[in-house]
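Beneath this line is the structure, given in structure tokens, with notes to follow.
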Amino acid sequence: MDDFTVTPYTVEGDVDYDRLLDQFGADRLTDEQLQNFPHPTHRLLRRRVFYAGRDVDRFTAAAARGETVSVVTGRGPSGPMHLGHVYPFYFAKYLQDELGAYVYIPLSDDEKYFSKDLTFDEIHEYTRQNVRDILAVGFDPERTRLVVDTADADVVYPVAAELAKELTPAAVEATYGTPPNVGLGFYPAVQATHLLLPQLVHGRHPTLVPIAVDQDPHVRVCRDIAAKQRHDVEKPAALLSRFLPRLGGGGGKMSTSDDAPGILLSDDRETVREKVQRHAYSGGRDDVDAHREHGGDPTVDVAYQLLAYFFEESDETLDRLAADYRSGELLSGELKAYAADRIADFLEGHQRRRPEGPIADVVEPYRLTEAERARVRPDVFGGESDRE
RNA sequence: GGGGAUGUAGUCCAAUGGUACGACACCUGCCUCCAGAGCAGGUAAUGGCUGUUCGAAUCAGUCCGUCCCCA
């Protein structure tokens, strides 16, 4: 009946988040686990946008003891970034601010080349744009590293090669389906490299991977490899989120490649207002009289959902909006206007922080240093074992 | 390397030499507080080149892409 598909390459239909956990074998976040995160607890946790995980406790326990922890959350640079892409990065910043976590951000340009009909020139243009948007989040350059697969291949490839030997085609096929080309068949090894990289650079420690549930297979594959590798690493922990609702409603995720237009990080206030007003599915009634009498349904109202997921910081305001909407006092158009303004407020801040200037200068403080690379990369010609 | 199949709009697909069909998606209008639903309208395609023909999506040649079998 409620047919849906969730894989790293496809999200379709009305997603049943509970059934997904059964399918994937992840655990729903308990109230207690929630309390183990730094206070005040981030609203993405409080409101159960991040609603499940694997091995979260080891991460929070280590963090509570003040030990080294890291966060990995990435980006596939196949287009401009929209609202649905950005909240994991703001969550990562919260963990960095509160825990001093290292934040590693892999950009999988190779994977997008393998899976999309795009040239590397196009992908790299998006990569540069996306980097500016990611850095607009405000990460600490001392503790944040952007890793671009093809640009940092000196580090990524040797590790991926080691891990790839542990990965059978059958395992890849079982997890992702038959790869359409050998590049994608190899890519899970690269993905696993991303998740282990903080430990390879900084030594064994717990890593948390906050991502949308469709990316969970990557974590599972990596955990399998980490378990059998002689690398001294812990299995990365996962923190899994629901999808930010699409403007059109339904259960899928916001997308730029899809039909429903998403709200881009570059949209100005007028554009946001127009997109929300014209496209957001509402929980309102058919006309004003019916709405005043019976009230609206915030649980299906996309404007309300966007506020609840991320864009309204105040729990009190959120509760009041829901109550007023249900009572019929608040009309759909009014709720949309409010939501659009909160989103536009957020975007204005984001756009103001977006770094200008030559991209090489902008990204430099966030690239792996030579010393960090040397810790990971084998030194083929630097050794002395070539004696006759 | 050999053999076979296939290529039509964003997607799926029809048309055996004669106006390129339809669906979904998208856009516009009506209706709605808004969106959706509903109704009315609209945009959009024959992989490239050459040839045969009055006329080619259709036949031939060639190139390109994709898939399958064999090596």
Side-chain angles (χ1 to χ4, degrees), chain A residues 2-5 7 9-15 76 78-80 82-84 112-123 126 169 172-173 176-185 243-264 267-312 317-318 320-344:
Chain A
D2 47 7
D3 271 318
F4 65 98
T5 310
T7 72
Y9 301 118
T10 318
V11 176
E12 276 177 2
D14 203 353
V15 179
S78 60
H82 59 61
L83 294 183
K112 289 305 160 193
Y113 182 69
F114 295 141
S115 63
K116 303 273 184 179
D117 190 20
L118 294 169
T119 65
F120 261 123
D121 279 350
E122 293 167 320
I123 290 167
Y126 290 130
V172 172
E173 172 134 11
Y176 300 96
T178 306
N181 55 61
V182 295
L184 273 184
F243 303 115
L244 199 72
R246 300 187 305 190
L247 285 179
K253 64 173 177 178
M254 190 179 272
S255 165
T256 35
S257 43
D258 246 20
D259 28 89
I263 296 172
L264 301 178
D267 284 343
D268 62 20
R269 188 170 292 269
E270 259 324 293
T271 306
V272 173
R273 279 181 180 148
E274 201 247 335
K275 283 184 178 176
V276 171
Q277 198 64 230
R278 286 181 48 92
H279 299 290
Y281 183 80
S282 96
R285 300 285 173 165
D286 282 342
D287 57 55
V288 178
D289 289 343
H291 190 87
R292 292 287 186 213
E293 183 176 350
H294 302 290
D297 181 0
T299 65
V300 300
D301 192 285
V302 171
Y304 180 83
Q305 292 298 311
L306 289 172
L307 291 169
Y309 267 60
F310 189 58
F311 296 99
E312 176 55 60
T317 303
L318 198 59
R320 201 192 65 236
L321 288 169
D324 290 352
Y325 200 48
R326 283 204 174 88
S327 77
E329 187 185 328
L330 185 65
L331 296 178
S332 301
E334 296 165 345
L335 178 58
K336 283 185 174 183
Y338 181 83
D341 273 333
R342 290 295 74 73
I343 293 167

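Keep in mind that this is a model prediction, so the values were computed, not measured. Letters A, B, ... mirror the listed sequences (proteins, then strands); counts begin at 1.
Nucleotides B:U6 and B:G42 place their C1' atoms 33 Å apart, quoted to the nearest Å. Atom C1' of B:U8 sits at a distance of 7 Å from the matching atom of B:A57, rounded to the whole Å. Look at the P atom in both B:G47 and B:A9: the space between them is 8 Å, to the nearest Å. Nucleotides B:U11 and B:G3, compared at atom C1', are 32 Å apart to the nearest Å. Straight-line distance between the P atoms of B:U58 and B:A23: roughly 25 Å, to the nearest whole Å. Remark: the separation of the C1' atoms in B:C39 and B:A56 is 40 Å, to the nearest Å.
In this structure A:Y304 satisfies the ring pair (Phe, Tyr, Trp, His ring centres under 6.0 Å) test with no other residue, sequence neighbours excluded.
For A:L331, the side-chain atoms get nearest to B:C33 when compared with the rest of B:A35, B:C33, B:U28. With B:C33, B:C27, B:C34 as the candidates, the nucleotide lying closest to the side chain of A:Q277 is B:C34. Across B:C34, B:C27, B:U32, the shortest atom-to-atom separation from the side chain of A:S282 is found for B:C34. Residue A:S332 has its side chain nearest to B:C34 when only B:G36, B:U32, B:C34 are considered. Closest to the side chain of A:H279, from the set B:C27, B:A35, B:C33, is B:C27.
Rounded to whole Å, the distance from NZ on A:K116 to P on B:U11 is 13 Å. Spacing between atom OH of A:Y325 and atom C1' of B:A35 amounts to 9 Å, rounded to whole angstrom units. B:A35 atom C1' lies 13 Å from atom CG of A:L306, rounded to whole Å. In this structure, A:K275 atom NZ and B:C34 atom C1' are separated by 18 Å, rounded to whole Å. The interatomic distance linking A:D286 (CG) with B:G38 (C1') rounds to 10 Å, in whole Å. A:R273 places its CZ atom 15 Å from the C1' atom of B:C34, with the value rounded to the nearest Å. Atom CD in A:E274 sits roughly 11 Å away from atom P in B:A35 (whole-Å rounding). Summarising the geometry, the separation between CG on A:D117 and P on B:G7 is reported as 19 Å, rounded to the nearest angstrom.
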Stepwise side-chain hydrogen bond (donor to acceptor under 3.5 Å, both in side chains) test for A:D324 and A:S327 = CA-CA 5 Å; A:D324 290 352; A:S327 77; 4.8 Å; no
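Across all strands shown, A:R278 has heavy atoms under 4.0 Å from sugar-phosphate atoms exclusively, and none from any base.
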Taking N or O atoms only and anything under 3.5 Å, show me the protein contacts with nucleotides 40-48 of chain B, one pair per line.
none

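Base-pair partner of B:G7: B:C64 (Watson-Crick or G-U wobble, both distances under 3.5 Å).
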